[in-house]
Amino acid sequence: MPALADAHCHLDRHHFAEGPDAVMRRAFDVGVVGFVVVGLAGEGEGADESIAPAREAVGLARRMREHVTACVGLHPHEARLWSPELHERLRVLSGDPDVSAVGEIGLDYHYEHSPREAQRDAFARLVAVAREVRKPIVVHTRSAAADTLDLLEREGARDVGGIIHCFSEDRAFASRALDLGFDLSFSGIVTFKNAVAVQEVAAWAPLDRLLVETDSPYLAPVPLRGKKCEPALVVHTARRVAELRKMPLEDLCAAALANTEARFKRRFSRVLPRPD
Ligand SMILES: [Zn+2]
Ligand SMILES: [Zn+2]
């Protein structure tokens, strides 16, 4: 298999009880050499407990520096947890050398687990953090296309750029995002039969602006749709994108890997750790 990167995965223990090493091992075995691991603040007694899962992801990046980098943020689902104390911890953690982006942050009006106003507020504040630490932004957006783009524009996200993770919008959105300096990261959704608009964008997007990801443990690609997703499955997503673009899988993988490295300013080692 050609070398490849998973540009967005969640490897927390509450998703994978066996721990990240076993999960990454299976991905190494199919050629995945790089992982962007997402660390999100969550519920907790106080800001220190709340930030703990994000610190966990940074710890993994530090331990596996040759293959892993972290991004840290507050998911729009949890925007209601924002507080000045949590913000300060996220701000400091964002400056850590093993953190290469701020995110995922954004807006999710589909589930609306947090009030929209709280989502917009936390999103804007964390865009400001990304600008302060001069790192790219990993954006989550669902059923909130116009507000997401307007906010990114208004808050000067262009200064740092980033990626639209788990791209699930249309070509008009993609054009505006690309103009704002955001690359498009495709997840298993692009393999779903009914995801015609997303497939169209994957076929059309400039080759130097697209990434692939799993968003593990969610959204397993076809032919494993409905199963638990893990980074090893990013290969299926890459294969589908290559097919849509009528290009060899090797070339697509090489481009997506190079784009991931460029965007997150990391170089992943092609030499894989030996199994224990
Ligand atoms: Zn997301
Ligand atoms: Zn995610």
Side-chain angles (χ1 to χ4, degrees), residues 5-16 20 23-24 27 32 34-43 53-54 56-58 60-61 68-82 90 94 99-114 116 118-120 122-123 126-127 130 135-145 147-149 151-152 157 162-169 173-174 177 182-190 192 195 198 201 210-221 228-234 237 260 263-264:
D6 184 348
H8 186 104
C9 55
H10 302 258
L11 300 181
D12 313 58
R13 285 211 178 247
H14 61 269
H15 296 309
F16 295 99
V23 180
M24 288 193 293
V32 180
F35 306 78
V36 180
V37 174
V38 188
L40 296 172
E43 306 265 7
E56 196 68 30
V58 180
L60 177 61
V68 178
T69 188
C71 58
V72 297
L74 180 65
H75 196 283
H77 290 343
E78 266 76 56
R80 67 196 143 72
L81 301 178
W82 187 92
L90 272 171
S94 299
V99 172
S100 55
V102 174
E104 56 193 289
I105 57 175
L107 303 174
D108 194 314
Y109 294 172
H110 177 78
Y111 288 107
E112 217 172 327
H113 289 324
S114 286
R116 294 182 180 195
Q119 292 188 34
R120 287 190 288 265
F123 187 19
L126 291 163
V127 168
K135 290 180 184 176
I137 301 165
V138 174
V139 174
H140 171 109
T141 182
R142 184 140 186 220
S143 307
D147 277 11
T148 298
L149 290 168
L151 191 145
L152 288 171
I163 69 166
I164 306 295
H165 112 81
C166 194
F167 186 85
S168 48
E169 300 293 334
F173 182 103
F182 283 77
D183 298 339
L184 314 177
S185 183
F186 295 92
S187 69
I189 289 181
V190 77
F192 298 173
V198 175
V201 176
L210 65 86
L211 289 68
V212 289
E213 62 167 74
T214 57
D215 204 11
S216 303
Y218 314 106
L219 294 167
K228 185 171 184 176
C229 191
E230 60 174 69
L233 305 186
V234 73
T237 300
T260 305
R263 178 48 83 180
F264 294 102

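Note that the structure is a prediction, hence the values are computed from the model and not measured. Start at 1 and go down the list; that is how both ligands and their atoms are numbered. All values below come from the heavy atoms of this structure, side chains included, with hydrogens, waters and symmetry mates left out.
Between His8 and Val36, the closest side-chain pair of non-hydrogen atoms is not below 4.5 Å.
For Glu169, there are no salt bridge (charged side-chain N to carboxylate O under 4.0 Å, His left out) partners two or more places apart in sequence or in a different chain.
Take the Zn ion (ligand 2) and draw a sphere of radius 2.8 Å; the protein N/O/S atoms inside it number 4.
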Phe123 vs Asp147, test: side-chain contact (heavy atoms from CB on, under 4.5 Å). Steps then yes/no. CA-CA 11 Å; Phe123 187 19; Asp147 277 11; over 6 Å; no
Does the pair Val72 and Ser94 meet the rule for a side-chain contact (heavy atoms from CB on, under 4.5 Å), with working shown? CA-CA 7 Å; Val72 297; Ser94 299; 3.8 Å; yes
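For the residue pair Asp108 / His113, no side-chain donor-acceptor distance below 3.5 Å is found, with atom types taken as modelled.
When atom types are taken as modelled, the side chain of Ser216 and the backbone of His10 share no donor-acceptor pair closer than 3.5 angstrom.
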